[in-house]
Amino acid sequence: MSKMEVKTSLLDNMIGVGDMVLLEPLAEESFLENLKKRFDHNEIYTYIGSVVISMNPYRSLPIYSPEKVEEYRNRNFYELSPHIFALADEAYRSLRDQDKDQCILITGESGAGKTEASKLVMSYVAAVCGKGAEVNQVKEQLLQSNPVLEAFGNAKTMRNDNSSRFGKYMDIEFDFKGDPLGGVISNYLLEKSRVVKQPRGERNFHIFYQLLSGAPDDMLKKLNLERDFSKYNYLSLDSATVNGVDDAANFRTVRNAMQIVGFMDDETQSVLEVVSAVLKLGNIEFKPESRVNGLDESRVKDKNELKEICELIGIEQAVLERAFSFRTVEAKQEKVSTTLNVAQAYYARDALAKNLYSRLFSWLVNRINESIKAQTKTRKKVMGVLDIYGFEIFENGDNSFEQFIINYCNEKLQQIFIELTLREEQEEYIREGIEWTHIDYFNNAIICDLIENNTNGILAMLDEECLRPGTVSDETFLEKLNQICAGHEHFESRMSKNSKFLNDHTLPHNCFRIQHYAGKVLYRVEGFVDKNNDLLYRDLSQAMWKASHSLVKSLFPDGNPTKINLKRPPTAGFQFKASVATLMKNLLTKNPNYIRCIKPNDKKATHIFTDSLVCHQVRYLGLMENVRVRRAGYAFRQTYEPCLERYKMLCKQTWPHWRGPAREGVEVLLKDLQIPREEYSYGRSKIFIRNPRTLFHLEDQRKQRLQDLATLIQKIYRGWKCRTRFLLMKRSQVTVAAWYRRYAQQKKYQRIKSSAIVVQSYIRGWKSRKILRELKYQKRCTEAVTTIAAYWHGTQARRELKRLKEEARRKHAVAVIWAYWLGLKVRRDYRKFFRANAGKKIYEFTIQRIMQKYFLELKNKMPSMSPIDKTWPARPYLFLEATHTELRRIFHLWRCKKYRDQFTEQKKAIYDEKLEASEMFKDKKALYPSSVGQPFQGDYLEISKNPKYQKLSTLVEEKIILADIVNKINRANGKGAPRIFLLTKNSFLLADQKSGQIKSSVPLSDLTSASMSAQTDGFFAVRVKEGTPAAAKGDFLLSSDRLIEIVTKLYRTCLSSTKEKINIEISDEFLVQFKQDKVCVKFVQGSPKNGSVAACKRKNNRLLEVAVPSP
Ligand SMILES: Nc1ncnc2c1ncn2[C@@H]1O[C@H](COP(=O)(O)OP(=O)(O)O)[C@@H](O)[C@H]1O
Ligand SMILES: [Mg+2]
């Protein structure tokens, strides 16, 4: 909004006219009046087209604030009231946006405000270009290079308290975004004569005063300086202080700036040391000393000062002293040393001071360049700012070589201005075929030629004069000028052949005058040759090279004796011409922007507008011509393509694409926009627009149209975005709705379905029940019918049955009655035939039938073949009792026979034995039943097989019938000892159980009987026949569980071998013959101590009692 409020045209609220092109009527008076009027209202800037005229206000105006910067930023050049910022903005934007290198040419007299203008341009560009830490540092360094260079290169002059005494051209480099990258400064010809001598009312370079007043005491002491200006010959005293300038504060500013730019502390120190050395050089004085050869020789008056200088820059005092006293000339291997007189010594001293200072200045510029140079190698855009010393004329004709050079430079700049604005413009109209009436203007090329022509230009002649052998002086140079240039219309000299000036007393003899474009300047020829030669005796440069001060040494590379160059160094004039030529070439490649500075008065005073002075400047600056060309011509031109490209959106036919040639497009465009025909012209390749306002009009329309287009794009985009969003939402909504409907319908369907099922089920239930009821009813009906029928049938059946039964009964009764009656009748009839044998026959038949039946039944009921099976079928008829028992007996016998027939011989023997045992013991001895189940094994010990009884088996040759362990009862105590009992065919043996040794062997024929109890015990006695060898030992009382087997086998073996039976005695008391004694063995029933085993106990000598457990 704020932008909308500021005035939008330079035509609004105008004081006078802001653009001289709009001036009516156009005349010098009105031009000046306009300037004055504006100046009086503090409007110091006025345009001529795109050229800015700047009047020096000599006071600070509030028009450079950051707000102003913002106001002018990115605005059209003619949009706001004239300002240097508008020009800077225009230049910066066309550099940034159109990629055109720019140069800003600031011209004007000394003190017209060029340096200020250049600083304003730089600060504006710094303010509007990119931001950021790195960029800011670059900006800061670029801006801070100014105070440093001003301190060393500016001085107070009559015209300007801060006059630049060197030319400066600074290239500021930008990247493609318009951010500053760095810069390069070129300096042109420092006015070094100022170091040793200043015109009245002027000062030496600022740095000397700043150093003396601003340096702290200790620093001054270190530099061997005193604060008092009057102590130094090189400082002019009448204007040592300048009003409104604080040297001390500026010194601090300069040091700070040096630091920012990147000077190291020791570098700053070195610089100040060199400055002090220069200052002190001025205090060296010489005195004459007569030599033997009558020539004067100079001597340093006060060696103290010399010593201090030598200390400062590290040179041996003798070396410097010698350099001030001698001059060595070398030419082709010849070295000639001549002494210097006092005047020459002073000349040498001043030359050294000047050289030292100017070389220091060049070093400073290089050093700053090193700091501010762009770090990247990418393509750069360049904005050059040229602030060169202005045109200078000293009123009293005190103009010397420096002024000549300065004015030459200004002459060249004017040439560029003319080239580009006046000539080039007109030539372009012609080139483009635009109708054009030529405007006359003064072309200063002729003056430039007078000075710089390579064969007969003033500079060339001066060089020639300097190089010429023989005596050369300023006078000879002037003579030469008089000869060569006399005919030149801009050269004036009294001595020239041109008689016109013979009587011109304003033109002294030792002077020449040049009619510069800015006015006539009278140059005093004195010093031209010297200054052009710029000689420094080689002795001095060599002395400096020997310095241990590294900065000083580096400033004098030509003093290196190994690199002596016998060729003369190029003259100052030559160098300057060359560097100006380079500069011009450089400027011509760039788009120029002009700032024409005008000085309103000579007194540095505010509000004073000296008409004559301004008028003079307006004239020589060619401003009127400038306006005229501008007015006659066209304010704006552009090739068709970019013009069409820029404005094509203003016309329907050309937007968005124009297919035909660009020119036709532009024609259609302008016609369509209804721009008055006189406002533009079609050139061959460019469109020319006469009035800036037309251009603004176009620009405004374009801006408006761009906004419209942006709105359109925005609108379409928004529309598109909304539509896409809407469509998406719609799609989504349809999807959602479909899904929802589906879901809802599903739900509804399910509800209806379940309701239908319910209804259906009710109906079906109801129907079923109905059917069921009917069916039940029908069933009941049928059942009832059936029941009734059944009952009915039953009744009928029963009735029928009853009837049939009745009938049957009757029939049966009839039959019975009939049978009875028939039997009765038959018996009655046949009684007489059957009575004799019918009873017998019936009886036999019946018996036969019964017997038949009995046997058949018995056959089926036969018991098993086992002899022990006791079953037998029951007797059916009592009369068969005897038969039945007999049959049973026969069957049993037959069965036993069958059983026996199965036996082998061996088994038979065993059963024989068992039978024998049974005959002997059954029902006689209680031990017998337990032995029935046990088979008689005989050889329990398996003597022949058991290795234990191997010995025993060898002793017994006969077949062993029985072998077992028995207890032999000790008659002494009744206790038993185990013995092996062996029975063979012929004898029986007792052997030790362990050793197998035979204890007793008795032939069977010697045995008489065996005794044992009727109890369950196993005690038995074997008796031996009296009178046999075995009888000596007596009978044997033994005990064994296998008593039955042993005794049976013993009995049977004895029988078979002796054919005699041994006596078997079963009794509960018997006698046993022990040797001579007979002992009674008595068996008693009771419970022996050790349970179920019978125990024998000796009661007395004749009684052994055996306790047998009761059964
Ligand atoms: N735009 C300005 N506003 C205020 N003072 C100015 C302006 N331009 C110049 N001056 C004053 O004029 C003096 C000389 O200006 P300067 O630029 O040094 O002249 P030049 O470089 O042309 O010799 C400055 O020191 C300053 O006081
Ligand atoms: Mg200046």
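Whatever order the structure lists ligands and atoms in, that order sets their numbers, starting from 1.
Residues forming a salt bridge (Lys or Arg N to Asp or Glu O under 4.0 Å) with R359 (at least two apart in sequence, or on another chain): D558. With sequence neighbours left out, the side chain to side chain contact (heavy atoms under 4.5 Å, CB included) criterion links V242 to K156, D161, R203, V245.
Contact check on K412 versus E452 returns a salt bridge, with a Lys/Arg side-chain nitrogen under 4.0 Å from an Asp/Glu carboxylate oxygen. Remark: R367 engages E267 in a salt bridge, criterion side-chain N to carboxylate O under 4.0 Å. Between E191 and R194, at least one side-chain N (NZ, or NE/NH1/NH2) sits under 4.0 Å from a carboxylate O, which counts as a salt bridge. Here D350 does not pair with K354 in a salt bridge; the nearest charged N to carboxylate O distance is not below 4.0 Å. One finds no salt bridge joining E173 and K381 here, because no Lys/Arg side-chain nitrogen approaches an Asp/Glu carboxylate oxygen to under 4.0 Å.
Ordered by chain and residue number, the residues placing a heavy atom less than 4.0 Å from ligand 1 are N56, P57, Y58, R59, Y64, E109, S110, G111, A112, G113, K114, T115, E116, N160, N162.
Listed by chain and residue number, the protein N/O/S atoms under 2.8 Å of the Mg ion (ligand 2) are T115 OG1, S164 OG, with waters left out.
Note: F208 and Y232 fail the aromatic proximity criterion, with ring centroids not under 6.0 Å apart. For H83 and Y64, the distance between ring centers is under 6.0 angstrom.
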